[in-house]
Amino acid sequence: MKKSVAIIGTRGYPSYYGGFETAVRKIAPYLADAGWDVTVYGRPESIRMDDPERDPRVHSRSTRGIESKSLSTLSYGLTASWDAMRRKPDVVIVMNVANGYFLPLLKLRGIRTLVNVDGIEWHREKWGRAAKKVFRIGARMTKWFADALVMDSHEIGQRWKQTFSRSGAFIPYGGDSVDRLPVEPGLEHRGYVLVVARFVPENTIPQFLEAARTISQAIPVVIVGTTGYGGELDSRAAQLTKEIDEVHWLGHISDDARLLALWQHAAVYFHGHSVGGTNPTLVQAMAAGSPVVARDTPYNREVLGEGGFFCDPNPTAIATTILTLAGDANAQREASTSNLERAKSKYTWDAVCEAYEAAITDLLTKGELT
């Protein structure tokens, strides 16, 4: 009889919303190859059943929830956990500590759980006081009721050890190797600065939009991303494109090949994320050979190592550091080579998927990971 695994806490399979969804698109088929019966829970409007790359062996199961910024994760997590209780897979991979509230339900049914704790959600500026408290309590519930944990960076692992006295397996994100791709029409190889991010304050988007006014005087700026809900930052990006010809806002892009091409040919990719661990967008930019300027955080330094360029989160520092790298072809070549080699040695999807399969196998046979 096949071992069974369910994945809870993402928008489903296949879906293209963010890092968790990218990981599931890699992990779920790998687990099917390894002989697991795989079910991925998600949201009906986010699952692309007509995706030509969808693996038919992976069962996509949607449940009901409330579509709102503050209630989506909790409501869909509850209904997915309730359904998993009835179906009783051998193990559940849970993404995000917000779903920690529902771990007791799974434990009551004797279902083992492996929780990816994600970043320190209660430090994200996009959440209000109540939402931050929800995440913090969810983290405590995860501490008490999860059978095993996954941390996507060593820095996150240290934070969890200090704050919650729990350790776990280090499993980062991977990046796809990239063949030579055509340059985006209207752009030139190493002829533009790129940012790819969800429009939230902790991704340094407000500061970058201000810096773009200076950067665009020397080199075109390409902006990829939205808030997902509309609002001030979307309006500011739209206004920039109206005021400045050399600023191009492309909105959200779900075409992987187009994104990879944008990273591959950028003179500089700016990575402003501040509160995650190993960020999948950063890893993929490295795997595409993009020279990177990143906001100076322990997480970004851990991932980039010596190949990264770092700056403080203010418009002047961002513009100065980006323009310095954009104007130095030798530094770009060295950064590109360093990032490619680091991605190939430390951040591959094969290694990530293998680690998840080993973790859930170990969880079923040996008990809690340490």
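Any value given below was found using the heavy atoms of this structure, including those in side chains, with hydrogens, waters and symmetry copies removed. Bear in mind that the values here come from a model prediction, so they are computed numbers and not experimental data.
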I want to check something: taking the side chain as every heavy atom from C-beta on, are W349 and V352 in contact at a cut-off of under 4.5 Å?
yes
State which residue, out of D55, D350, D176, fulfils the salt bridge (Lys or Arg N to Asp or Glu O under 4.0 Å) condition with K26.
D176
Do you see a donor-acceptor pair shorter than 3.5 Å between the side chains of R43 and S15?
no
For the backbone of M49 and the side chain of R54, can you confirm whether one donor and one acceptor N or O come within less than 3.5 Å of each other?
yes
Identify the heavy atoms of A139 and F164 that sit nearest to each other, and give their distance.
CB-CZ, 3.6 Å
Measure the CD1-CZ distance between I223 and F270 for me, rounded to the nearest 0.5 Å.
11.5 Å
Roughly how far, to the nearest 0.5 Å, is the CZ atom of R87 from the OH atom of Y41?
5.5 Å
Measure from the side-chain N and O atoms of S4 to the backbone N and O of D90, and report whether any donor-acceptor pair falls under 3.5 Å.
yes
Does any N or O in the side chain of T241 come within less than 3.5 Å of the main-chain N or O of A238, such that one atom is a donor and the other an acceptor?
yes
Minimal non-hydrogen separation, P206 against P201, with atom names
CD-CA, 4.0 Å
Is any side-chain heavy atom of V117 closer than 4.5 Å to a side-chain heavy atom of V150?
no
Is it true that V303 and Y299 fall in one hydrophobic cluster, defined by side-chain heavy atoms closer than 4.5 Å?
no
Under 4.5 Å between side-chain heavy atoms, hopping through other hydrophobics if needed: is there a path connecting V292 to I318?
no
For E188, does the CD atom have more than 12 heavy-atom neighbours from other residues, nucleotides or ligands under 6.0 Å away?
no
What one should report as the nearest heavy-atom pair of R213 and S216 is O-OG, 3.2 Å
Student check: side-chain heavy atoms of M95 and D118 closer than 4.5 Å:
no
Go through the steps to decide whether S345 and E341 satisfy the test side-chain hydrogen bond (donor to acceptor under 3.5 Å, both in side chains), and finish with yes or no.
CA-CA 6 Å; S345 65; E341 291 177 351; over 6 Å; no
Between the OH atom in Y173 and the OG1 atom in T278, the distance rounded to the nearest 0.5 Å is 8.5 Å
Straight-line distance of L240 CG to D245 CG, nearest 0.5 Å
12.0 Å
Under the side-chain contact (heavy atoms from CB on, under 4.5 Å) criterion, do D234 and W249 qualify, and how do the steps go?
CA-CA 9 Å; D234 294 77; W249 180 37; 3.7 Å; yes
Could you tell me whether the side chain of Q332 and the main chain of L325 form a donor-acceptor pair under 3.5 Å?
yes
Beyond-backbone contact of V97 with W160, side-chain heavy atoms, under 4.5 angstrom:
yes
Just do the side-chain contact (heavy atoms from CB on, under 4.5 Å) check on T204 and H273 with the steps written out, would you?
CA-CA 7 Å; T204 325; H273 297 61; over 6 Å; no
Neighbour count >12 (heavy atoms, 6.0 Å) for atom CG, D179
no
Are any side-chain N or O atoms of D296 and backbone N or O atoms of C311, one a donor and one an acceptor, separated by less than 3.5 Å?
no
Could you state whether F208 and Y192 fall into the same hydrophobic cluster, counting links through intermediate Ile, Leu, Val, Met, Phe, Trp or Tyr residues with side-chain heavy atoms under 4.5 angstrom apart?
no
Rounded to the nearest 0.5 Å, how far apart are NE2 of H265 and OG of S290?
10.5 Å
Strictly distance-based, threshold 3.5 Å: is any side-chain N or O of T337 a donor or acceptor partner for the main-chain N or O of E334?
no
Donor-acceptor pair, distance only, cut-off 3.5 Å: does the side chain of S60 make one with the backbone of Y13?
yes
Chi angles and distances behind the side-chain contact (heavy atoms from CB on, under 4.5 Å) call for F102, L74
CA-CA 9 Å; F102 317 122; L74 288 173; 4.3 Å; yes
Does CZ belonging to R64 count more than 12 external heavy atoms closer than 6.0 Å?
no
For side-chain contact (heavy atoms from CB on, under 4.5 Å), just list the numbers for Q207 and N314, CA-CA rounded to whole Å, side-chain angles, deciding distance to a tenth of an Å, and then say yes or no.
CA-CA 6 Å; Q207 297 92 327; N314 65 74; 5.5 Å; no
So, do L282 and M286 sit near enough that their side-chain heavy atoms are less than 4.5 Å apart?
yes
Crowding at CD, E45 (>12 non-hydrogen neighbours, <6.0 Å):
yes
Quick check: do V196 and H271 have side-chain heavy atoms less than 4.5 Å from each other?
no
Smallest heavy-atom separation, P291 atom then A266 atom, equals CD-O, 3.6 Å
Does NZ or CZ of R295 lie under 6.0 Å from the centre of the six-membered ring of F310, at an angle within 45° of the ring axis?
no
Polar side-chain atom of K88 near backbone of R109 as donor-acceptor pair, under 3.5 Å
yes
Testing the basics here: between G307 and A335, what is the closest heavy-atom pair and its distance to 0.1 Å?
O-CB, 3.8 Å
Stepwise side-chain hydrogen bond (donor to acceptor under 3.5 Å, both in side chains) check, Y16 with D256
CA-CA 9 Å; Y16 290 81; D256 284 349; 5.0 Å; no
Do other residues, nucleotides or ligands put more than 12 heavy atoms under 6.0 Å from the NZ atom of K3?
yes
Closest approach of L233 to F199 (non-hydrogen atoms, all atoms of both residues):
CD1-O, 3.6 Å
Between the CZ atom in R140 and the CZ atom in R166, the distance rounded to the nearest 0.5 Å is 15.0 Å
When you compare the side chain of Y269 with that of V222, does any pair of heavy atoms fall below 4.5 Å?
no
Please check if any side-chain donor atom of N116 sits under 3.5 Å from a side-chain acceptor atom of Y356, or the reverse.
yes
Would you please say whether a donor-acceptor pair under 3.5 Å links the side chains of E243 and Q239?
yes
Taking the side chain from S81 and the backbone from G77, do they hold a donor-acceptor pair closer than 3.5 Å?
yes
Can you check whether G277's main-chain N or O pairs, donor with acceptor, with E155's side chain at less than 3.5 Å?
no
Cation over ring face, R11 and Y17, 6.0 Å, 45°
yes
Counting C-beta onward and ignoring hydrogens, is there a side-chain heavy-atom pair between V195 and N203 closer than 4.5 Å?
no
Using the rule that two of Ile, Leu, Val, Met, Phe, Trp, Tyr join whenever any of their side-chain heavy atoms come within less than 4.5 Å, decide whether L209 and V224 are in one cluster.
no
Can you see whether D83 engages T63 through a side-chain donor-acceptor pair at a distance of less than 3.5 angstrom?
no
Crowding at CZ, R129 (>12 non-hydrogen neighbours, <6.0 Å)
no
Given R112 and D147, is the salt bridge (charged side-chain N to carboxylate O under 4.0 Å, His left out) satisfied, shown in steps?
CA-CA 6 Å; R112 304 306 299 273; D147 292 304; 3.2 Å; yes
Single-linkage hydrophobic cluster, 4.5 Å side-chain cutoff, V283 and V24 together
no
